[in-house]
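Each remark here refers to the structure printed beneath this line.
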Number of protein chains: 2
Amino acid sequence: MTRQKIEIKKIDNISARQVTFSKRRRGLFKKAHELSTLCDAEIALMVFSNTGKLFDYSSSSMQQVIQRHNLHSQELGLSEHPSIELQLELSNQTMLSKELAEKTRELRQLKGEELQEMTIKDLQKLEKLLVGGITRVSQAKEDRVLKDISSLKRKEVQLMEENWRLKQAQHLTPENGHSSECITIVCSSLADIPQDYDTSDTSLKLGLPFPD
Amino acid sequence: MTRQKIEIKKIDNISARQVTFSKRRRGLFKKAHELSTLCDAEIALMVFSNTGKLFDYSSSSMQQVIQRHNLHSQELGLSEHPSIELQLELSNQTMLSKELAEKTRELRQLKGEELQEMTIKDLQKLEKLLVGGITRVSQAKEDRVLKDISSLKRKEVQLMEENWRLKQAQHLTPENGHSSECITIVCSSLADIPQDYDTSDTSLKLGLPFPD
DNA sequence: GGAGCTATGTATAAAAT
DNA sequence: TATTTTATACATAGCTC
């Protein structure tokens, strides 16, 4: 329940931000559509999530609205000066390069590589960021591992039941003893779930010799 | 008062339509702005009234968002005959954008934010990277702190020597007792190097009341 | 990561100004 | 026609599943 009015500033909590994004985005698109219908307006709406995903809406066609917009904003779309587009691209590229340089630096710092001109305070912030990251990554790994283990255990139970049924069947037609033995061996090896999964590679164990 | 829920279809009454347009348009723009702020999204919104008037909003720059949108929808042909230079810049930009997206993703993963489609092996690699980073960052911080401390200690020794010389000088001309006392107090406070530098801000202690 | 719930905040239809 | 008011419809924060 919306127990309090929220302040309009970036939501820190990642999952809360994601939930709010998808809810409010839907609301926004609905309102845009309603406005275009009620008031016979031509509307284009583009939304990029902070993960870079694109969502867009247009009451007619996106290109059409963009071109109409270009007409309004100082005839930029008419290429009176053929170099205007080029200039735009160039400035855009400059910006991209800057962003790229910034991200690269940030990455190097997170990897502990470019720390000489940081203050003690900066280093503390970096440390906190890394601790947060490692906490989440470890948790994710843990979750994944536990999931894999329980799925393996389920398979083990299935195979043991299958095995038992096959054995029962062989008691009725006892002329073939080889395959029974073979299956028994394979199933017992499956029971060896690694307990030291933190250092071993559990994912390699997932390729079972049996199809689902 | 909104005495009845309205149906979403074109409003026939012209003045009612105009009123609704200006109210809902403002609401829509507000919502767009809130979404961009709350969720760190890049948004462009263009609205043409049925009288042809343009209203637009962009969280950054309209041109930038339109270009980003063009990149996504792969319709790069804004003009009929893009020049060779423009084509070059565009491909260059595409490359830059890809790199940027890649770095952004990597950063997010280091911060533990986008882990859903990583394998256990990937997660382990990430963990190692983070551990390496945190080791180096902590070491750098430690080094910095120790350097600050030893520099402070050197200063302390210098000041104590100076202090001692001043005292000696005063024994030769004993008519002024105040300044001696004052300097003694300051020097004893310098001896209090913080042992809990991990949580206190050592750098603040560097601004000594004495010039070098 | 989505779907549904509910209490509360916000937007707005209609009327007044 | 724009703004303000007010009663009501709608959106959504926080929560559960």
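By convention in this document, chain letters (A, B, ...) are assigned in the order of the sequence lines, proteins followed by strands, and residues within each chain are numbered from 1.
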Nearest whole angstrom, please: distance from the C1' of dT12(D) to the CG of Leu38(B).
11 Å
Please report the distance, rounded to the nearest Å, between CD in Glu7(B) and P in dA14(C).
12 Å
Whole-Å distance separating the CD atom of Glu34(B) from the P atom of dT10(C):
8 Å
Is Lys30(A) near enough to dA11(D) that one of its side-chain N or O atoms lies under 4.0 angstrom from OP1 or OP2?
yes
Spacing between Leu28(B) atom CG and dT12(C) atom C1', to the nearest angstrom
13 Å
Under 4.0 Å between a side-chain N or O of Lys31(A) and OP1 or OP2 of dT12(C)?
yes
Separation of dG1(C) P from Glu117(B) CD (nearest whole Å):
9 Å
Taking only the side-chain nitrogens and oxygens of Arg26(B), find out if one of them lies under 4.0 Å from OP1 or OP2 of dT3(D).
yes
Judged by nearest nucleotide, the residue sitting upstream toward the 5' end of DNA chain D, Gly27(A) or Gln18(B), is Gln18(B)
If I take atom CD1 in residue Ile6(B) and atom C1' in nucleotide dA9(D), what distance separates them, rounded to the nearest angstrom?
10 Å
Are the charged groups of Arg105(B) and Glu102(B) less than 4.0 angstrom apart, N to O?
yes
Thr20(A) side chain near dA13(D) phosphate (N/O to OP1/OP2, under 4.0 Å):
yes
Please report the interatomic distance CG(Leu45(A)) to CG(Leu35(B)), rounded to the nearest 0.5 Å.
9.0 Å
Under a 4.0 Å threshold between the charged nitrogen and the carboxylate oxygen, would Arg165(A) count as salt-bridged to Glu162(A)?
yes
Of the listed nucleotides dA11(C), dA13(C), dG2(C), the one nearest the side chain of Arg24(B)
dA13(C)
Between Lys23(B) and Arg25(A), whichever has its closest DNA chain C nucleotide further toward 5' is Arg25(A)
How many whole angstroms separate atom CD1 of Ile8(A) from atom C1' of dA11(D)?
13 Å
Determine the contact category for Gln116(B): base if any of its heavy atoms lies under 4.0 Å from a base atom, sugar-phosphate if only primed atoms, P, OP1 or OP2 are that close, otherwise nothing.
sugar-phosphate
Which pair of heavy atoms, one from Arg24(A) and one from Glu34(B), lies closest together, and at what distance?
NH1-OE1, 2.8 Å
Of the nucleotides dC10(D), dA14(C), dG14(D), which one has an atom closest to the side chain of Lys5(B)?
dC10(D)
Thr104(B) side, atom OG1; Glu99(A) side, atom CD - distance, nearest 0.5 Å:
7.5 Å
In whole angstroms, how far is the C1' atom of dT1(D) from the CZ atom of Arg17(B)?
15 Å
